[in-house]
Amino acid sequence: KMLDKQLARKLAPLVKNKAHWEPLEEYLNSLKTLELQVLVAATLEQEMFRSQGKMNLLGRLLELPQVVNEVLERKEDNG
């Protein structure tokens, strides 16, 4: 699902403030690094799929500033 404008406005103070976003981004990147190690070591298919899902979610969270900006800049042209 796409982020709606109302929620994007609520998230904007978090993602646009470097003092808030950068520590969170650093934490998400460290989780991604740890999960990559899990993925590399996975021996069961289920472990691999679970780890890939976590990596996907972490990637989406890391893209949040760009997504929020895109939503807020998007025109309300639905017609």
Return the CE to CD distance between Met2 and Glu70, rounded to the nearest 0.5 Å. 8.0 Å
Heavy-atom side-chain proximity of Asn69 to Lys16 below 4.5 angstrom: yes
Closest contact, heavy atoms only, Leu72 versus Ala8: CD2-CB, 3.8 Å
Where Met55 and Lys32 come nearest, the two heavy atoms and their spacing: SD-O, 3.5 Å
Between Leu57, Leu61, Thr33, Leu64, which is the residue that forms a side chain to side chain contact (heavy atoms under 4.5 Å, CB included) with Leu28? Leu61
For the backbone of Gln52 and the side chain of Asn56, can you confirm whether one donor and one acceptor N or O come within less than 3.5 Å of each other? no
Within one Ile-Leu-Val-Met-Phe-Trp-Tyr cluster: Met48 and Val38, side-chain cutoff 4.5 Å: no
Glu25 side chain to Trp21 backbone, donor-acceptor under 3.5 Å: no
Is it the case that one hydrophobic cluster holds both Phe49 and Leu31, taking links as side-chain heavy atoms less than 4.5 Å apart, direct or via other members? no
How long is the straight-line distance from CZ of Arg9 back to CG of Leu3, given to the nearest 0.5 Å? 10.5 Å
Would you kindly confirm whether Leu7 and Val71 end up in one hydrophobic cluster when ILVMFWY residues are joined by side chain heavy atoms under 4.5 Å apart? yes
Where do Val67 and Leu11 land on the side chain to side chain contact (heavy atoms under 4.5 Å, CB included) test, with the steps shown first? CA-CA 10 Å; Val67 172; Leu11 291 169; over 6 Å; no
Between Lys18 and Pro23, which heavy-atom pair has the shortest distance, and what is it? O-CD, 3.8 Å
Side chain to side chain contact (heavy atoms under 4.5 Å, CB included) between Arg50 and Gln46: does it pass, once the steps are laid out? CA-CA 6 Å; Arg50 188 177 293 127; Gln46 187 177 5; 3.0 Å; yes
Identify the two heavy atoms, one from Lys5 and one from Arg74, that lie closest to each other, and give their separation to 0.1 Å. NZ-O, 2.7 Å
Looking only at heavy atoms, which two atoms of Glu35 and Ser51 are closest? And how far apart? OE2-OG, 2.8 Å
Co-membership, hydrophobic cluster, residues Val15 and Leu24, 4.5 Å side-chain: yes
